[in-house]
Amino acid sequence: MGGAGLKAPPRRLAGPRRSPPQRLSFRRYPPRASSPSAQFMRSMSSSSTASAKKIIVKHVTVIGGGLMGAGIAQVAAATGHTVVLVDQTEDILAKSKKGIEESLRKVAKKKFAENPKAGGEFVEKTLSSIVTSTDAASVVHSTDLVVEAIVENLKVKNELFKRLDKFAAEHTIFASNTSSLQITSIANATTRQDRFAGLHFFNPVPLMKLVEVIKTPMTSQKTFESLVDFSKALGKHPVSCKVRHCILQTCPRAVKSSLGFSLKGDASKEDIDTAMKLGAGYPMGPFELLDYVGLDTTKFIIDGWHETDVKNPLYQPSPCLNKLVAENKSGKKTGEGFYKYK
Ligand SMILES: NC(=O)c1ccc[n+]([C@@H]2O[C@H](COP(=O)([O-])OP(=O)(O)OC[C@H]3O[C@@H](n4cnc5c(N)ncnc54)[C@H](O)[C@@H]3O)[C@@H](O)[C@H]2O)c1
């Protein structure tokens with residue numbers, strides 16, 4: 001494929017290249033057409049065509065460099081894929097890159113405990129497989145898979161995919177990491193419903209083994225199998241889901257009951273967290289988990305479900321969550337949520 005017949009990407013690079021000494025840098029995307037990186041990208045992508053049986057995903061575009069997108073980009077690059085990571089601004093991408101580098105160093109320290117030199121090489125090689133961009137439309141012309149991990153809002157996701165549909169190669173698979181939205185409603189914004197599915201990773205992506213591959217009635221078997229293979233190539237354990245995620249259905253119940261207990265003064269958030277960890281064997285208490293997931297993301301999930309099922313008491317908007325999010329207390333990522341972080 002290699003984007004034949006497609007519009008050449010505009011030369012809108014994400015700022016000047018910076019390579020500070022002793023710090024690993026990420027390359028910019030798209031690279032110059034004649035550069036080794038561009039040739040590499042073309043050769044990587046030419047392995048799959050629209051007529052092939054399954055798409056062997058080699059080149060991945062991850063949209064959204066937040067909690068989930070950064071993790072997905074890291075794991076994909078660490079398992080031999082070339083990755084373009086896209087977000088809205090250079091500042092966000094810089095933060096994202098720093099997080100990936102720190103996370104990789106932790107992985108390397110454990111994985112190569114006996115051989116720090118090999119660990120350093122692993123970090124360097126993985127980082128060199130990730131390029132960044134602030135212009136999604138200009139980078140999807142030669143990618144095998146787009147994984148979207150942006151804000152949990154149907155309208156914003158639809159706008160993104162509608163635009164990318166015009167620029168992406170024919171064979172490119174689109175996948176959303178949405179926690180709560182119907183994949184069909186996102187896929188309908190495109191003309192490639194057969195090449196659209198859900199790919200739901202868990203947080204933190206480098207550690208969590210589960211990936212839900214969500215097939216809509218329009219998703220082709222070829223797309224589904226390609227995503228199952230891709231998940232396995234990442235070292236994950238894919239499970240098949242239809243339309244909506246199974247595991248997340250427990251989330252609003254846990255949120256509601258934990259917030260309810262705490263707000264009524266029946267127990268403090270600290271005691272609820274401790275009770276769930278020591279009594280129920282949970283690795284994190286519900287308030288710790290909410291801070292970890294992001295209170296903004298949790299709020300968007302509950303709001304979205306409320307819109308589709310107004311009368312369900314489980315999906316009523318939470319004034320407590322709304323207040324914290326309005327105060328920019330979205331959990332760990334903003335430095336404060338239910339708890340404070342340094
Ligand atoms: N946080 C979790 O534990 C978790 C788990 C599984 C799935 N998810 C899902 O993953 C998605 C992302 O969640 P997150 O926690 O990583 O959110 P996040 O807020 O940490 O990151 C979202 C990123 O998307 C970027 N973004 C927003 N609109 C964009 C656009 N139009 N183009 C490019 N970038 C854009 C933002 O700048 C931000 O960096 C959501 O759909 C969420 O439901 C989250």
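First listed ligand is number 1; within each ligand, the first listed atom is number 1.
When heavy-atom distances to ligand 1 are checked against 4.0 Å, the residues falling inside are I63, G64, G66, L67, M68, D87, Q88, I92, A149, I150, V151, E152, K157, N177, T178, S179, H200, F201, N203, V293, T297, K333, ordered by chain and number.
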>> Is there a side-chain hydrogen bond (donor to acceptor under 3.5 Å, both in side chains) between S129 and T126? Walk through the geometry before answering.
In response: CA-CA 5 Å; S129 300; T126 305; over 6 Å; no
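Screening I183, D165, T223, I63 for a side-chain contact (heavy atoms from CB on, under 4.5 Å) with F174, the sole residue that qualifies is D165. H59 pairs in a side-chain hydrogen bond (donor to acceptor under 3.5 Å, both in side chains) with only one of the listed residues (D144, T172, T143), which is T143.
Applying the salt bridge (Lys or Arg N to Asp or Glu O under 4.0 Å) test to residues at least two apart or on different chains, the pairs with a partner in residues 317-334 are D296-K333, K323-E327, E327-K329, K329-E336.
A tilted orientation is assigned to the rings of F112 and F122, their planes being inclined by 30° to 60°. Taking the six-membered ring where the residue is Trp, F338 and F287 present perpendicular rings, their angle passing 60° and hence far from 30°.
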